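Below is one structure, written out as structure tokens, with a few remarks after it.
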Amino acid sequence: MILVTLRDMQWRAGRVVLGLGATALVLSMAALLGALHDSFLRETDRTVAFFGGDRWLVADQVSGPFTSNTPVRTALTRKVEEVDGVTSVSPVAVFRHVVRGASRGFSDVNVIGFEPGGAVAPVPVSGRAPARVGEAAVDERLGVAVGSTLRLAGRSLRVVGEMAGLTYNGGTPTVVITLLEAQAVAFDGQALASAFVVDGVPRGAVGDLTTMSPSQVRDDLRRPLSVATSALGLVAALLWLVAAGIVAMMAYLSGLDRSRDFAVFKALGVTTRRLLLGLVLQGAVVGLVASVAAVSLALVLAPAFPVDIDLTLLDGLRLVVIALLVGVVAGVVSVRGPVSVDPATAFANS
Amino acid sequence: MHDARADLRVESLTVQYGDGDRSVQPLHDLTFGADDGRVLVAVGPSGCGKTSLLAVLAGLLTPACGTVTFAGRSVTGLSGRDLLHHRRHTVGIVFQAFNLVPSLTAAENVMAPLLLTGVRTREARRRALDLLDEVGLGDQAGSRPGHLSGGQQQRVAFARALVREPALLLADEPTAHLDPEQVDNVLRLVSDLRGPGRLVVVATHDGRFSEVADSYVRLGPPAATVPNAVRTDAPPLVRQRRAARRQEVGS
């Protein structure tokens, strides 16, 4: 059946190539949307990991440091340090803002303020971490080279370092500055912070602060994007359905075209199961080839997206395996009719 | 080929399509027989049940009643794997419209019945090429059906039907789409296929087949409700011609 199947695909090369192209395009879109969905989730992991720490302390009744503007007083730092189980405390500021200097107009950024010399320490891929007011390290997505100058809320910042993969809120790049600078920008110079990042696990209450685990903070960071990520997941699933439909349609049309051949084969003693196997093989070949083409296409298109899309080897393998299964299932479902043709129809003279 | 003699016995065969008032019986109470090594020609007008008869003999159609026995086995009593075995190993079919698979070459079309039943590719190819040589198409083994003439396609169809060395070769209107010269070739081919261990059954309305027929079955009109008219001997005129031809060859 393999020879017959492959020869048939060769015979209908034009249709097969067209179907493969359409399937590959749809699958690549599904792969890219899936990877985009995953990227939005992964960047939250990276962001929380950037801060390190075992626990976060935020103001009471606050959902999390990234989604609330209710600050904590940095004067509490000493008090937190004295809590049993705590080994170090770093007050941090996180907020959204815009900068000038990255492009012609404003650029949306996330801003992180940290205490130089503290437990939270940015690790740039080039340059160094900001050490004083007036310095910043930026994510490479902002497109600002080390040595350039940015303006943040009217303040001039010299870029001294560049970081990789520090984005959140849907690929928005991050600017890292000193806590003092951040307080000047966001808190009118008051001694406030968004949260404390704590090494160690506090055993006991810390005033009216709420303790959060890193995973709770990550969930808090993901929540504003949940609608977008759900929509991406839904569209990706719909694209999978479209791809399955194309493969099924190809198999079905091929089955219809070949119903006379099937009748002849059955008259020659070929079982329906064996015919089905051939068409399933065809669906599998289409799914496999289309998925490999889709992965290649997705890798080519990924850099064109304005956010980092992490298309891993595992993503590619997953796509290939799922496409293979989709091809097989679509093949089986769509050709059950054509292969059940009555072999006696082989005698019909048309 | 089978060890048993390729004798065919058809008893009270009735084929019916549909039920009630709208039912049609192309074959009604048909009885005839044909012996091993013969060419049996089923003749009759369109719709008289020739193709239905072949379908029953091939095990592709279940009759309303009656029995078909071939090589000592009841074809009408077969089911499941035995029926599959009958189609695969006992019967070879030449269809009226050739029914070659357009995506396969001539050789692959001939190989297909072997490959689809588990014969290794190399062996299947060897046998296919041998058969194509025998039918005079050795140089067209790599051609697709679309590039072959009607006569050539018919010869490929014969090769495909013969590749498993069937004891029962069924040919449905094998000359229907051929020009006169090609008809002669097919008549010669059918005549050459006559031999021990094989029965050739040809369904046709082409009178020229009477020249190669050892016996024939004349089938009645489709609406017949009386037993089909049956003769199992070649007509006298044909016997005379054949005897004359033998004499010519002998002298």
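Since the structure is predicted, the reported quantities are computational estimates derived from the model, not experimental observations. A, B, ... follow the sequence lines: proteins, then strands. Residue 1 opens every chain. These values consider heavy atoms only, across backbone and side chains, with no hydrogens, waters or symmetry-generated copies.
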Could you tell me whether Arg144(B) atom CZ has more than 12 heavy atoms of other residues or ligands within 6.0 Å of it? yes
Is it the case that atom CG in Asp19(B) sees more than 12 heavy atoms from other parts of the structure closer than 6.0 Å? no
So for Arg7(A), is it side chain, backbone, both, or neither that comes closer than 4.5 Å to the heavy atoms of chain B? both
Could you walk me through whether Leu268(A) and Ile93(B) pass the side chain to side chain contact (heavy atoms under 4.5 Å, CB included) test, one step at a time? CA-CA 8 Å; Leu268(A) 294 174; Ile93(B) 307 171; 5.5 Å; no
Does the side chain of Arg87(B) reach to within under 4.5 Å of the side chain of Pro343(A), using non-hydrogen atoms? yes
How about residues 52-61 of chain B versus chain A: which residues have heavy atoms under 4.5 Å apart? Leu54(B), Ala55(B), Leu60(B)
Quick one: does Pro102(B)'s side chain get under 4.5 Å of Asp261(A)'s, heavy atoms only? yes
When rounded to the nearest 0.5 angstrom, what is the spacing between CZ in Arg81(B) and OG1 in Thr271(A)? 9.5 Å
Minimum heavy-atom distance Phe95(B)-Ala267(A), with the two atoms named: CZ-CB, 3.9 Å
Could you pull out all residues at least two apart from Ser259(A) that satisfy side chain to side chain contact (heavy atoms under 4.5 Å, CB included)? none
Residues in side chain to side chain contact (heavy atoms under 4.5 Å, CB included) with Val247(A), at least two apart? Thr23(A), Val286(A), Ala330(A)
Taking distance alone, no hydrogens or angles, what donor-acceptor pairs closer than 3.5 Å link side-chain atoms of residues 296-303 of chain A to residues at least two apart or in another chain?
{"residue": "Ser296(A)", "atom": "OG", "partner": "Val292(A)", "partner atom": "O", "Å": "2.9"}

Do other residues, nucleotides or ligands put more than 12 heavy atoms under 6.0 Å from Phe98(B) CZ? yes
Minimum heavy-atom separation for Arg260(A) to Ala97(B), with atom names? NH1-CB, 4.1 Å
Contact part of Glu173(B) toward chain A, heavy-atom cut-off under 4.5 Å: side chain, backbone, both or neither? neither
Say you draw a straight line from NZ of Lys266(A) to CG of Leu84(B); how long is it, rounded to the nearest 0.5 Å? 11.0 Å
